[in-house]
Amino acid sequence: MNWTYCGQLKYIVSFVLAAACIVQADIDIARSGEARVVIVLAPDASGKQKSATSDLKKYLEKITGATLDIIGVDDATAGLFPEMSRIFVGDSSVARQLAPQVEWDRLAPDEIVIKSVDGDLIVAGGKPRGTVYAIYTLLQDMIGCRWWAPGAMFIPSDPSLSLPELNIRYAPPFEVRVILGEIAMLPEARSWHRLSFDLSFDTSPRGIPSRILKAEEYYIKHPEWFAYLRDEGSEDEEYTYRYVLKTWKHNALHEPKPNSYDAYVEVLERTRRVYSQPCPHSEGARKTILKALLAEIAAGQGTWNSPQVVWVNQGHGYYMCQCGRCEAVRDKEGSDSGNWVLMANAIAQEVEKVYPDVFVGVSAYWHTEAPPAAVQPRKNVLVYQALYTQNRLDPSRTYAFQSHALKKWASIAKLYVWDFDSNNRNYYQPHPNYFVRGDNMQFFNEIGVDGIMVQGGFGKAADLLALRTWVTAQMLWNPNKNPRKLMIEFLDGYYGAAAPILMEYMEAMVDGAHRNKDQWLGSYEFTTAGWATVRDMNVATRLFDEAAAAVKGDKILSQRVWLARQSIDLSWLDRYDEFKQEAADKGILFLGPPDPSKIIDAVAPYRQTWGRWHIGKPFSAYFDEMKEKFSSTTGN
Ligand SMILES: [Zn+2]
């Protein structure tokens, strides 16, 4: 068993060797399959704590073969189980009495306490989530259980399981840990992965123009609240006056009648204001937003709840107000974020008077991603930086713009980061950023980022999704871990003998994508065009053949390898003729499927069950497209 759950400053793990004259420090969970502990549930345990406690019982029973009881605090202290050690789950008067040195009332919401006291064990933490995380930390990091993916676990076997003396107190450095994705959003995953499971976390809060300053309500009456477009621009240049005018005139004609666009065009021509973004200095806009936010807080709507955040964020697009005040701030601050932070500050100052614990969130993305030179967000303003425009090929720290922006924002504000892991236009194809996420988590931790949301993949055959989810979740909980070691651990546990071959596959894909030093890997790529050559595809195909051979005879592992292989099989189909031509031109082998319809037949049973393939499309749509594409060549 591996006890090195340290390597980070915040962990305090001590192993006290019991001297012969004092109580033996080890706690026996079972001896030869006979229970040696009872589990004691705190009287005010939440539903989530109760179900986590049931998991603790269930897995300790699976490991030891013993039958364990869950009892109440009164029974535990009445001397009914004199021979047994007690595992006190949750913050209770008994736990507090046994461990008075734990500052119980100062624990962070996600902070855990795992502590041996005189032959008993306390498994508890801050409210509301710490105890739940403590249970899954004990099961995983102290006892060795692994939850790799739905239906894929490793449970050790030890009829005489015992624990050494433990003294752990740990708070994860990221207070919000969210992965948007097919696996990570399952309740089971959120528990085992110690993600922010009970937060109402609006991953993509809507902007002010669509949420509060709605055109139909305010634009005609108060055009001066909205962004001013001084420059003419051109009809072909998005976000300019001429372009907007052309678009709205088009809408006036083509939107179903009656529509408001005739009136909007009149206001636009008269005022040169567009409803797509507010003017952040407009007093009328600020007052209206403040009023709406106070109502949102009172109703508990549209917010994250721990901490509670309400949003003063921009609408979509690069619309920037060109009034004199906005221009002056932009010049001085070097970024439009200066204007937005000034507005957020003014509103946050008022919000604080009524709701001192609520944060006013402002997004940093597109034209506001660069931080302001001098303006400082107030202490109750939270910045949410979306790494939307970043190349995905390498870690954030290697790109000067993002690296600087992240560091600066983290140094002046409470900062949450929206990171991107998947390729949203095709979750299935290889997206060679496999070694990026772990480094990002380390970097975010080094610079003091407070919360993370990772946008990941969906779909049952999404590119190595179980691996990505597991490693990212481990790094979110403890970013001081070594991501490569975690990847190897996952590969060994999930793919068995194929593990080193899959690592070789990922390295080959990453090398392929790095061949061209100007390669841009976006989060919205339709195909592997631009980086994957027929040689890369041949290498990948050979590796998957080897991986399949390595696990031959093992049905479960073979299925997992086959599922991973779909990234390559389907990528052959995406660019089939192109790859054939490339192989012929270069005089090299073509290891793509000789008959593409075989690939289609192989995935046909999953047409309805593989879920999404694209951010807005199901796998069935992709399947039908491929079937149609190859029907003429296969004669179907
Ligand atoms: Zn303005």
Side-chain angles (χ1 to χ4, degrees), residues 205-234 237-245 247-248 263-293 310-351 360-378 381 383-384 405 409 412-413:
R206 286 192 304 141
I208 289 293
S210 60
R211 200 174 90 244
I212 298 172
L213 296 184
K214 293 175 184 164
E216 62 273 21
E217 225 170 306
Y218 297 110
Y219 178 60
I220 294 171
K221 270 190 275 177
H222 300 290
E224 73 282 5
W225 294 2
F226 293 89
Y228 174 71
L229 298 184
R230 183 196 58 217
D231 299 342
E232 285 289 307
S234 84
E237 196 186 339
E238 230 181 323
Y239 314 118
T240 68
Y241 173 68
R242 286 277 150 214
Y243 182 89
V244 176
L245 190 61
T247 311
W248 289 9
Y264 291 170
V265 166
E266 188 277 318
V267 175
L268 177 65
E269 289 184 309
R270 181 160 49 81
T271 66
R272 300 181 74 110
R273 301 267 174 176
V274 282
Y275 60 64
S276 313
Q277 214 70 281
C279 165
H281 294 278
S282 154
E283 278 306 316
R286 286 182 178 189
K287 276 187 187 152
T288 309
I289 296 166
L290 172 64
K291 199 176 153 196
L293 295 188
V310 286
W311 292 96
V312 175
N313 52 355
Q314 69 209 51
H316 287 302
Y318 276 99
Y319 292 101
M320 282 181 267
C321 181
Q322 294 181 314
C323 80
R325 292 189 70 179
C326 286
E327 290 278 79
V329 169
R330 210 150 45 232
D331 287 349
K332 186 166 156 249
E333 297 292 339
S335 168
D336 200 37
S337 61
N339 286 312
W340 282 86
V341 169
L342 285 171
M343 174 161 69
N345 280 351
I347 290 170
Q349 193 173 352
E350 297 305 311
V351 167
V360 171
V362 65
S363 54
Y365 101 121
W366 286 29
H367 51 97
T368 58
E369 187 170 1
V375 167
Q376 303 261 331
R378 289 184 101 252
V381 168
V383 176
Y384 186 27
W409 280 123
I412 62 172

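Note that ligands are numbered from 1 as they come in the structure, with each ligand's atoms numbered from 1 the same way. Atoms considered below: every heavy atom in the structure, side chains included; atoms not considered: hydrogens, waters and symmetry mates.
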Is there a donor-acceptor pair closer than 3.5 Å between any side-chain N or O of [X] and the backbone N or O of [Y]?
X	Y	value
Trp366	Tyr319	no
Ser335	Ser337	yes
Thr240	Gly233	no
Glu333	Ala373	yes

Within a radius below 2.8 Å of the Zn ion (ligand 1), how many protein N, O or S atoms are present?
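Protein heteroatoms (N, O, S) closer than 2.8 Å to the Zn ion (ligand 1) number 4.
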
Considering all heavy atoms of both residues, which atom of Cys326 and which atom of Cys279 are nearest to each other, and what is their separation?
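Closest pair (atom of Cys326, atom of Cys279, distance): SG-SG, 3.8 Å.
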
Counting C-beta onward and ignoring hydrogens, is there a side-chain heavy-atom pair between Ile220 and Tyr264 closer than 4.5 Å?
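Ile220 reaches Tyr264 side chain to side chain.
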
